[in-house]
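Order of appearance sets the numbers: ligands from 1, and atoms from 1 within every ligand. Nothing here was measured: the structure is a model prediction, and the numbers come from that model.
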Amino acid sequence: MSRPFDPQRFAVVDLIRRKRDGGGWSPDEARWIIEAYTAGFIAEEQMSALAMAVFFRGMSAEELDPWTQAMIDGGVRLDYSDLGRPTVDKHSTGGVGDKVTLVLTPLVAACGVAVPQLSGRGLGHTGGTLDKLEAIPGWRGDLTSAQVRRQLREVGGAIVAAGPELAPADRKLYALRDVTGTVESIPLIASSIMSKKIAEGTGALVLDVKVGSGAFMKDLAEACDLARTMVRIGTGAGVRTVALLSGMSTPLGLTAGNALEVREAVEVLAGGGPADVVELTLALAGEMLAAVGVDADPAEVLASGRAMDRWRRIIRAQGGDPGAPLPTALETEVVSASADGVLEQLDAMAVGLAAWHLGAGRVRKEDDVQAAAGVELHAKPGDLVRAGQPLLTLHTDTPERFAAAQQALADGIGIAPSGTTVTPSPLVLGRVA
Ligand code: URA
């Protein structure tokens, strides 16, 4: 039996100093920090110092596991074991143009697996699934857990915001990390993601850990470390967890921005769409089905139109009209190639920032996003281009934003002389199980 929480049990300042100087915490100390912070006994400035000390010193498994468990225990842990169907969820660590969830959820649901897809909003240069779906007139993601359960029974899939009852410490800590420069820390990212995913009650989880300029993790070694940490936490908590590492040095697909990405996801569901979006969706769907032991061919289900049918049902069940026209921007501006040659670089971070400047993302959590803002790509790295040819179209309702978007793109586009061989790197870079 766990002991009752005692706010006086440890001195926070000693724990901060010890971590700062490279020492470790006992499992009890790590658990206590989360309990005390959630209960308001650790001040925000002390938690900022703790998070920064963790950023520089890291956390061992002996610290991180009880820390994450305390985050889960601070809220409710849902359980779908009575659903009569296996459950599997997917999580992406965040990228530019990543609309995979929109296709994957109905696709895997159409294969007979329930998908309680917990999703977030965009912050900074990365987009969020909830913002994308809110471009569909009427759609909403704030379902209660009873509504999610009913929808999983009736439709097989739900794309929803994490309710305040799931891992409440993460809500508080994530907001603090966001304003203290402590987001990009492997133990803090791993505990944040995994506490919500484990509390959400999924039976299995497939992680898409992004690597490259547009991702939190810029190199493969760091991304592998994050993937291994999350797989260990998930597996330890009884959730079958697998991770794929996928490239994020250039945007996924041909769009970045909310309504633009919904349109592209619908193209994929209709059997078309960009090859990279299809490839990653099928790779993740294969992992999700294997994780719950369901023998179905996701490529065949996608081609059959059954995933599209399921998409329409999921959107309707959450108040949206899947047939309604998507918003379009009031203004567009074209970015053209400056020379003949081969497109060598179209940097994910530059495109993500441009989309953000155009209004697709937010500066503060409370801000609204423009549904129609974003960037449309007309070429991908490796393509031959001619001087003056459109490379990108910028979309916004507020044309005074074009200059900042153009500025963000200035160093993000590279054209090599004609005849240069540009080999795009593989999309799926590794697997951790
Ligand atoms: N997404 C999360 O939920 N938490 C993080 O720390 C980073 C990305």
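- In summary, of the residues considered (D131, D368, D367), a side-chain hydrogen bond (donor to acceptor under 3.5 Å, both in side chains) with R362 occurs for D131 alone.
- Using modelled atom types, one side-chain atom of D79 and one backbone atom of S81 make a donor-acceptor pair closer than 3.5 Å.
- Side-chain atoms of S191 come within 3.5 Å of backbone N or O of L188 as a donor-acceptor pair.
- At a threshold of 4.0 Å, the pair R263-E267 counts as salt-bridged, since one of the basic side-chain nitrogens sits closer than that to a carboxylate oxygen.
- No donor-acceptor pair under 3.5 Å is formed between the side chain of E287 and the backbone N or O of A243.
- Listed by chain and number, Y174, R177, I189, S192, I193, K196, F216 each place a non-hydrogen atom less than 4.0 angstrom from ligand 1.
- L260 pairs with exactly one of H395, K99, K132 by the side chain to side chain contact (heavy atoms under 4.5 Å, CB included) rule, that one being H395.
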